[in-house]
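Residue numbers start from 1 in every chain, and the chains themselves are labelled A, B, ... in the order their sequence lines are given, proteins ahead of strands.
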There are 2 protein chains.
Amino acid sequence: MKKVTISDIANKLNMTPSTVSRALANNKRISESTRKKVQDTSKEMGYQPNVMAASLRKGTSDTIGMIVPRINRHFFSNVISGVEEILNPAGFNLVVIQSGELLSREVKAVESLLQNRVGGIILSLSLQTNTFEHLQDVVKHNTPLVQFDRVTKSLPGSKITNDNYTGGYLATRHLIKCGFKHVAHFSGSYKLRAYRERKAGYIAALEEAGMRVDEKLIVDDVITREAGYSQIHKLVMRTNADAVFCAGDYSALGAMEGLKSLGYHIPDQFGIVGFANEPFSELMDPSLSSVEQNALEMGNKVAAAMIKAIQKEEVPEEEVIPVRFIGRSSSWKDYK
Amino acid sequence: MKKVTISDIANKLNMTPSTVSRALANNKRISESTRKKVQDTSKEMGYQPNVMAASLRKGTSDTIGMIVPRINRHFFSNVISGVEEILNPAGFNLVVIQSGELLSREVKAVESLLQNRVGGIILSLSLQTNTFEHLQDVVKHNTPLVQFDRVTKSLPGSKITNDNYTGGYLATRHLIKCGFKHVAHFSGSYKLRAYRERKAGYIAALEEAGMRVDEKLIVDDVITREAGYSQIHKLVMRTNADAVFCAGDYSALGAMEGLKSLGYHIPDQFGIVGFANEPFSELMDPSLSSVEQNALEMGNKVAAAMIKAIQKEEVPEEEVIPVRFIGRSSSWKDYK
DNA sequence: CTGAAAGCGCTAACAG
DNA sequence: CTGTTAGCGCTTTCAG
């Protein structure tokens with residue numbers, strides 16, 4: 001089928017494309033009668049506006065690009081939903097691209113969004129990302145940038161993060177209150193502020209309790225299930241750890257499996273707390289204590305910041321979303 | 001920053017935009033030397049092609065739109081990854097939109113993709129979808145359409161589905177072989193073929209075993225955790241069921257929780273099998289038997305069909321991806 | 001209130 | 001091998 005354009009409509013009604021364009025855009029300088037005529041026949045003819053042509057002309061589009069490491073993480077998919085909740089009613093479209101935690105794919109994604117002239121870019125950094133040149137392009141192109149969760153300060157624009165510090169603090173304090181004496185920490189990459197902050201909260205809780213910070217009890221780059229499994233083996237062999245605060249639920253899951261394979265009873269002999277409250281956490285046996293992030297709210301805030309940035313309003317430089325500790329069976333013991 | 005265009009490059013090098021365009025497109029009718037010059041200075045000047053302009057001119061774009069009910073379902077997010085695996089290397093971009101299982105949002109998504117003149121649309125129907133007018137538009141616009149998983153025959157184009165029939169058959173046969181005598185079935189909406197087929201497989205297994213099909217043991221529209229929880233209560237009150245094959249893992253989860261709350265021991269007193277093999281299934285206590293769908297392979301096939309359709313090659317009308325039954329503790333008992 | 005005209009950035013005949 | 005020209009569909013001054 002030939003696609004129908006505004007000129008087709010104009011011809012049929014004996015007017016010019018400009019008038020049709022204005023009528024469709026609800027321009028106030030058009031008489032009520034022609035507006036109605038135009039809108040009726042456009043529907044009748046099955047007109048679909050060509051947004052590419054419009055964006056090309058206007059120099060900007062109503063599409064917002066969003067780059068996330070993976071969409072099959074509970075946290076990220078809920079942030080996406082939160083963003084859509086605000087963006088769609090405001091007349092924006094969202095396109096989501098996965099970086100797969102790979103810098104190379106993040107670079108390509110940024111490039112592709114820029115080439116599509118999106119109205120703005122929402123980004124959570126991949127684990128691999130250690131250089132920010134590709135994002136300098138975004139800045140140079142004057143494309144609004146909003147970062148969330150995994151952010152870097154070396155770029156301008158809004159940064160919306162979780163209260164990772166408090167999360168780490170609450171998780172660790174809980175383990176201490178449950179009577180664990182040697183609380184270890186499985187962290188992520190220190191390149192990411194989120195993990196540094198969770199670790200800082202962990203240390204703060206130890207110090208508050210007058211406990212010594214033992215570097216041997218802190219292992220970084222342990223975020224996968226596999227890493228959790230293998231690292232917990234090393235940990236119990238080499239140290240006197242009796243509990244672990246993991247910076248993610250997947251490593252906590254791996255750690256739990258590792259401990260079970262060694263015959264440990266959880267939580268009596270070993271306490272575990274994760275981070276992110278993945279859907280499986282409450283269903284595990286024993287159920288996994290975790291720190292819940294308010295992903296929907298974060299998404300809402302991210303979208304709001306993006307809209308403000310597009311409208312060139314003042315944007316909050318940093319915004320922190322509160323977290324909530326959820327105690328479950330993997331750690332709950334003799335709480336005082 | 002002003003965005004740099006091919007004319008800017010052309011000016012700087014004293015040639016015409018056409019030459020630059022051709023050099024950038026690796027057109028063979030361009031001398032090696034100018035090609036190199038153009039590509040170098042384009043990089044140097046930070047040129048980003050405006051794909052909107054190109055698509056407008058060419059009348060088609062390299063962007064494929066994909067509409068899924070929800071991205072936070074293990075199955076769907078893996079199909080997405082499978083699609084990307086094929087589409088990205090082939091030079092296509094994928095944009096994903098969620099319908100949220102709502103017809104209204106599915107309609108809007110289709111409209112938006114059409115307005116963006118995507119090169120093709122990949123679709124899995126929302127649960128609510130009971131009319132297909134919005135998809136007639138896709139056909140009318142000559143936009144290639146590939147359906148997967150939740151498909152309707154009333155539209156042309158490729159349809160890639162799981163072998164739901166065999167899945168239902170294997171799950172039910174397993175329960176029968178484990179000695180359960182009154183196997184019930186929690187289905188989804190019969191509007192969707194996937195659920196009708198799973199049910200057909202269930203019935204086939206019963207009949208093969210010489211068991212009577214009892215309509216009281218079959219409940220439809222039970223796909224959420226909540227529905228599974230409440231319906232299992234009704235089921236054990238009103239019938240003699242001693243096992244249930246659920247058309248989804250979420251309802252199976254709810255059913256398991258409901259049975260536990262009633263003091264049932266699983267699988268000794270009641271057997272459960274789900275469908276989809278969500279990540280939580282293996283982690284539950286007891287772990288949930290389920291039917292695994294090969295989502296990555298499905299994604300690959302979907303993408304391949306789309307590429308063929310775009311290149312106007314022959315496309316397979318229907319393709320069926322095999323499934324695999326995974327027996328776990330929720331059903332495994334006295335197997336023979 | 002409506003029309004005429006220009007141009008967003010790119011590609012593709014058609015000519016050289 | 002490269003230049004000329006026209007136009008994709010739309011918006012937006014600038015004139016009436």
Q: Grab the CE-P distance between B:Met15 and D:dT4 for me, whole Å please.
A: 14 Å
Q: Applying side chain to side chain contact (heavy atoms under 4.5 Å, CB included), can you list everything that pairs with B:Lys153, at least two apart in sequence or on another chain?
A: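 Residues passing side chain to side chain contact (heavy atoms under 4.5 Å, CB included) with B:Lys153: B:Arg193, B:Glu318.
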Q: Among B:Val138, B:Leu135, B:Val146, which residue meets the side-chain contact (heavy atoms from CB on, under 4.5 Å) test with B:Ile121?
A: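 Running side-chain contact (heavy atoms from CB on, under 4.5 Å) over B:Val138, B:Leu135, B:Val146 with B:Ile121 returns exactly one hit, B:Val138.
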Q: Taking atom C1' of D:dG3 as reference, at what distance in whole Å does atom CG of B:Asn11 sit?
A: 14 Å
Q: Considering all heavy atoms of both residues, which atom of B:Ser55 and which atom of B:Ser61 are nearest to each other, and what is their separation?
A: OG-CB, 3.5 Å
Q: Would you say A:Thr19 reaches C:dG3's phosphate, i.e. side-chain N/O to OP1/OP2 under 4.0 Å?
A: yes
Q: Below 3.5 Å is the cut-off: list the nitrogen or oxygen pairs between protein and nucleotides 14-16 of chain D, distance only.
A:
none

Q: From CG of A:Asn26 over to P of C:dC1, roughly how many Å is that when rounded to an integer?
A: 14 Å
Q: Only counting residues at least two apart or in another chain, list the ones meeting salt bridge (Lys or Arg N to Asp or Glu O under 4.0 Å) with A:Glu32.
A: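 Partners of A:Glu32 under the salt bridge (Lys or Arg N to Asp or Glu O under 4.0 Å) test: A:Arg35.
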Q: Who passes side chain to side chain contact (heavy atoms under 4.5 Å, CB included) against B:Leu56, sequence neighbours left out?
A: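 Result, side chain to side chain contact (heavy atoms under 4.5 Å, CB included) vs B:Leu56: A:Asn50, A:Ala53, A:Leu56.
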Q: Tell me which residues in residues 111-119 of chain B put a heavy atom below 4.0 Å from DNA chain D, sorted by number, or none.
A: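 Heavy-atom cutoff 4.0 Å gives no residues at all.
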Q: Between C1' on C:dG9 and CD1 on B:Ile9, what's the gap in Å once rounded to a whole number?
A: 12 Å
Q: Suppose we screen for side chain to side chain contact (heavy atoms under 4.5 Å, CB included). Which residues come up paired with A:Thr152, at least two apart in sequence or across chains?
A: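 Side chain to side chain contact (heavy atoms under 4.5 Å, CB included) check on A:Thr152 returns A:Leu125, A:Phe132, A:Gln147, A:Ser154, A:Leu155.
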Q: Looking at every strand, decide which applies to A:Met52 at a 4.0 Å heavy-atom threshold: base, sugar-phosphate, or nothing.
A: nothing
Q: Can you measure A:Leu24 atom CG to D:dC10 atom C1' for me and round it to whole angstrom units?
A: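 Answer to the nearest Å: 11 Å.
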Q: Is any side-chain N of the basic residue among A:Lys36 and A:Asp40 closer than 4.0 Å to the acidic one's carboxylate O?
A: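 A salt bridge links A:Lys36 with A:Asp40.
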Q: Tell me which residues in residues 31-42 of chain B lie within less than 4.0 Å of DNA chain D, going by non-hydrogen atoms.
A: B:Ser31, B:Thr34
Q: Could you tell me whether the phosphate oxygens of D:dG3, OP1 or OP2, come under 4.0 Å of any side-chain nitrogen or oxygen in B:Ser18?
A: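 Result: no.
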Q: Does any pair with a residue in residues 96-112 of chain B pass salt bridge (charged side-chain N to carboxylate O under 4.0 Å, His left out), and if so which ones, sequence neighbours excluded?
A: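 Checked against salt bridge (charged side-chain N to carboxylate O under 4.0 Å, His left out) - neighbours excluded - the pairs reaching residues 96-112 of chain B are A:Glu84-B:Arg105, B:Glu101-B:Arg150.
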Q: So, B:Ser18 and B:Ser21: side-chain donor and acceptor under 3.5 Å apart, yes or no?
A: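 No, no side-chain donor-acceptor pair sits under 3.5 Å.
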Q: Holding to side chain to side chain contact (heavy atoms under 4.5 Å, CB included), I want the full list of residues that pass it with A:Asn294, two or more places apart in sequence or in another chain.
A: A:Leu296, A:Glu297, A:Ile321
Q: Tabulate below the donor-acceptor pairs under 3.5 Å that side-chain atoms of residues 305-317 of chain B make, not counting sequence neighbours, or state none.
A:
{"from": "B:Glu317", "atom 1": "OE2", "to": "B:Lys159", "atom 2": "NZ", "distance (Å)": "2.9"}

Q: Please list all pairs meeting side chain to side chain donor-acceptor pair (under 3.5 Å) that have one or both residues in residues 64-80 of chain B, counting only residues at least two apart or in different chains.
A: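 Only B:His74-B:Asn78 qualify under side chain to side chain donor-acceptor pair (under 3.5 Å).
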Q: Between A:Asn93 and B:Ser112, do the side chains contain an N or O donor and an N or O acceptor separated by less than 3.5 Å?
A: yes
Q: Distances under 3.5 Å between protein N/O atoms and the N/O atoms of nucleotides 6-8 of chain C, please, pair by pair.
A:
{"from": "C:dG7", "atom 1": "N2", "to": "A:Arg57", "atom 2": "NH1", "distance (Å)": "3.4"}
{"from": "C:dC8", "atom 1": "O2", "to": "A:Arg57", "atom 2": "N", "distance (Å)": "3.4"}

